[in-house]
Amino acid sequence: MNLLLLTFGQKLENHYQAAFCILTFLKDPQIKKIIIVTDYPAFYDFLGNKVKIISINEKTLEDWKGKNDFFWRIKIKAIELVVHQYPDNHLFYVDSDTFLASNLQSVVQKLDENIGLMHTFEYKLSGQNRSKTTRGMFSVLNGKVFFDITINPQSEMWNAGVIALPKTCAKEIINLSLNLCDAICATPCPRRLVEQFSFSLAMNHLTELSSCEDVIGHYWGNKPEWNQFISQFFVNALLKQKTLEQCVEELRAFNWHSLPLEKKLRSTNSTLKRLIDRLFPHKHIKYF
């Protein structure tokens, strides 16, 4: 199984999140190759021959947005690129703000059984936990048919922080995801979640779909605390001149339950924040 990450742009935290993520995967023998599609390859030099870099540039990124100029179409195109370069391997794509907390044995077993994976099921398109964006999507797309897939109240939204494709149908899934993305972007549908929804539709249509949230942590809902921890981790490693192997071993023993994955943000004023936190404890805190 190959691991894939996509990073681009000058925002430094995206790159140190990706580097940290890779360190958590280096402990697992199920990963045969780690691939980074990036426009800043120098940020990953310290990983040496542990990774394969596929360099891209601004022109590639612009081309990948497609005729509808949809930003997150880039993600689908990066996965497509790697699927075509390595057709004989399962592909395990992860967002940079993820980590491997367990092992990948169950993931590989499912991929061997032609079961696809995304991070977690979120909601049905007409469900109660919908956002304003999702309500807008449903009002535009309900009843429409794209490539023999009918959008209806039972259509599912899955989190795309992880996209794991069985090698037997990876090309078919990525092709359908891309076509769905382009077709939906051609409608007045709100675009923010179109890439994620396209993968959800394609994978549910072409394969059984399973979650892997019991193996992969995704801290999209608490990036400030995780970014602080990760930056301190790398500064400490640099000052103590730790080797790559030492960094991997340190994370092998890390308590992944110690920081919340999701946490509702409050005032940035520290005094006010402490007072509010004491009077009104967080109602929504999620740990791995």
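Counting from 1, the numbers follow the sequence of the chain as shown.
- Note: Ile216 CD1 to Leu100 CG = 4.5 Å, rounded to the nearest 0.5 Å.
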Full working for side-chain hydrogen bond (donor to acceptor under 3.5 Å, both in side chains) between Asp63 and Thr60: CA-CA 5 Å; Asp63 289 344; Thr60 302; 5.7 Å; no

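- Between Leu206 and Cys169, the closest side-chain pair of non-hydrogen atoms is not below 4.5 Å.
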side-chain contact (heavy atoms from CB on, under 4.5 Å) between Asn103 and Gln30, intermediate numbers included: CA-CA 8 Å; Asn103 66 73; Gln30 302 287 352; over 6 Å; no

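- Val162 places a side-chain heavy atom less than 4.5 Å from the side chain of Val94.
- Rounding to the nearest 0.5 Å gives a distance of 6.5 Å between CE of Met118 and CE of Met203.
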Intermediate values then yes/no, side-chain contact (heavy atoms from CB on, under 4.5 Å), Leu201 and Ile184: CA-CA 12 Å; Leu201 290 172; Ile184 294 173; 4.3 Å; yes

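- A distance-only check finds no donor-acceptor pair linking the side chain of Asn142 to the backbone of Phe138 [under 3.5 Å].
- Using a 4.5 Å heavy-atom threshold, the side chains of Phe146 and Ile151 count as touching.
- No side-chain donor from either of Thr120 and Ser211 sits under 3.5 Å from a side-chain acceptor of the other.
- Ser198 places a side-chain N or O within 3.5 Å of a backbone atom of Val194 that can act as its donor or acceptor partner.
- Under a hydrophobic clustering in which Ile, Leu, Val, Met, Phe, Trp and Tyr are joined whenever their side-chain heavy atoms come within less than 4.5 Å, directly or via other members, Val82 and Ile34 fall into different clusters.
- Here the side chain of His257 pairs a donor or acceptor atom with the backbone of Phe288 at under 3.5 angstrom.
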Step-by-step side-chain contact (heavy atoms from CB on, under 4.5 Å) determination, Leu176 to His205: CA-CA 9 Å; Leu176 181 56; His205 185 67; 3.9 Å; yes

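- Hydrophobic cluster membership is shared by Phe199 and Tyr93, with clusters built from Ile, Leu, Val, Met, Phe, Trp and Tyr side chains linked at under 4.5 angstrom.
- Around atom NZ of Lys242, more than 12 heavy atoms belonging to other residues, nucleotides or ligands sit under 6.0 Å away.
- Using a 4.0 Å cut-off between charged nitrogen and carboxylate oxygen, Lys110 and Glu113 do not count as a salt-bridge pair.
- In this structure, the side chain of Asn222 engages the main chain of Pro260 through a donor-acceptor pair within 3.5 Å.
- Counted by atom type alone, Thr38 and Tyr44 present zero donor-acceptor pairs between their side chains at under 3.5 Å.
- Going from atom CG of Leu4 over to atom CD1 of Ile36 covers 9.5 Å, rounded to the nearest 0.5 Å.
- For the pair Trp256/Thr24, a side-chain contact is recorded, criterion being any heavy-atom separation below 4.5 Å from C-beta on.
- To the nearest 0.5 Å, atom CD1 of residue Ile53 and atom OH of residue Tyr40 are 14.5 Å apart.
- In this structure, Asn152 and Leu125 have side chains that are not in contact, with every pair of non-hydrogen atoms separated by 4.5 Å or more.
- Here the closest heavy-atom approach between residue Leu5 and residue Cys21 is recorded as CD2-SG, 3.9 Å.
- In this structure a side-chain-to-backbone donor-acceptor pair under 3.5 Å is present from Gln196 to Ala160.
- Placement of Phe121 and Leu165 within a single hydrophobic cluster is found when ILVMFWY residues are connected by side-chain heavy-atom separations under 4.5 Å, directly or transitively.
- For CD of Glu225, the number of neighbouring non-hydrogen atoms (other residues, nucleotides, ligands) closer than 6.0 Å is greater than 12.
- Using modelled atom types and a 3.5 Å distance limit, the side chains of Asp97 and Gln17 yield no donor-acceptor pair.
- Under the 3.5 Å distance criterion, the side-chain polar atoms of His15 are matched with a main-chain donor or acceptor of Gly9.
- In the hydrophobic clustering of this structure, Trp64 groups with Phe8; members are Ile, Leu, Val, Met, Phe, Trp, Tyr whose side-chain heavy atoms approach within less than 4.5 Å, directly or through other members.
- Distance alone, capped at 3.5 Å, is enough to place a donor-acceptor pair between the Lys144 side chain and the Val140 backbone.
- Checked by atom type and distance alone, the side chain of His90 pairs as donor or acceptor with a backbone atom of Lys167 at under 3.5 Å.
- You'll find the ring centres of Phe229 and Phe254 inside the 6.0 Å limit.
- In this structure, the side chain of Gln246 engages the main chain of Thr243 through a donor-acceptor pair within 3.5 Å.
- Closest heavy-atom contact between Phe25 and Phe99: CE1-C, 4.4 Å.
- Counting non-hydrogen atoms of neighbouring residues, nucleotides and ligands closer than 6.0 angstrom, the CG atom of Asn255 exceeds 12 such neighbours.
- Asn68 places no side-chain N or O within donor-acceptor distance of the main-chain N or O of Phe70, the cut-off being under 3.5 Å.
- A salt bridge links Glu80 to Lys77: one of the charged nitrogens lies within less than 4.0 Å of a carboxylate oxygen.
- When all heavy atoms are compared, the tightest approach of Asn114 to Pro166 is C-CG, 3.8 Å.
- Nearest heavy-atom pair, Gly161 versus His119, reported as atom, atom and distance to 0.1 Å: N-CB, 4.4 Å.
- Ile285 has its side chain out of reach of Glu262: every pair of non-hydrogen atoms, C-beta onward, lies at least 4.5 Å apart.
- Of all heavy-atom pairs spanning Ile76 and Leu178, the tightest one is CG2-CD1, 3.8 Å.
- Taking every heavy atom of both residues into account, Arg191 and Cys185 meet most closely at NH2-O, 3.3 Å.
- Aromatic rings from Trp226 and Tyr219 are positioned such that their centres are separated by under 6.0 Å.
- Cluster membership check: Ile115 does not share its hydrophobic cluster with Leu111, using side-chain heavy-atom separations under 4.5 Å among Ile, Leu, Val, Met, Phe, Trp and Tyr.
- Between Asp182 and Lys67, no side-chain nitrogen of the basic residue sits less than 4.0 Å from a carboxylate oxygen of the acidic one, so the salt-bridge criterion is not met.
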Verdict with supporting geometry, Gln232 and Val235, side-chain contact (heavy atoms from CB on, under 4.5 Å): CA-CA 5 Å; Gln232 289 176 347; Val235 169; 5.7 Å; no

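- Distance check: Ile35 CD1 to Asn2 CG gives 4.5 Å after rounding to the nearest 0.5 Å.
- Tyr16 and Asn14 share no donor-acceptor pair across their side chains, judged by distance under 3.5 Å alone.
- In this structure, CG in Leu180 is found 9.5 Å from CG in Asn175, a value given to the nearest 0.5 Å.
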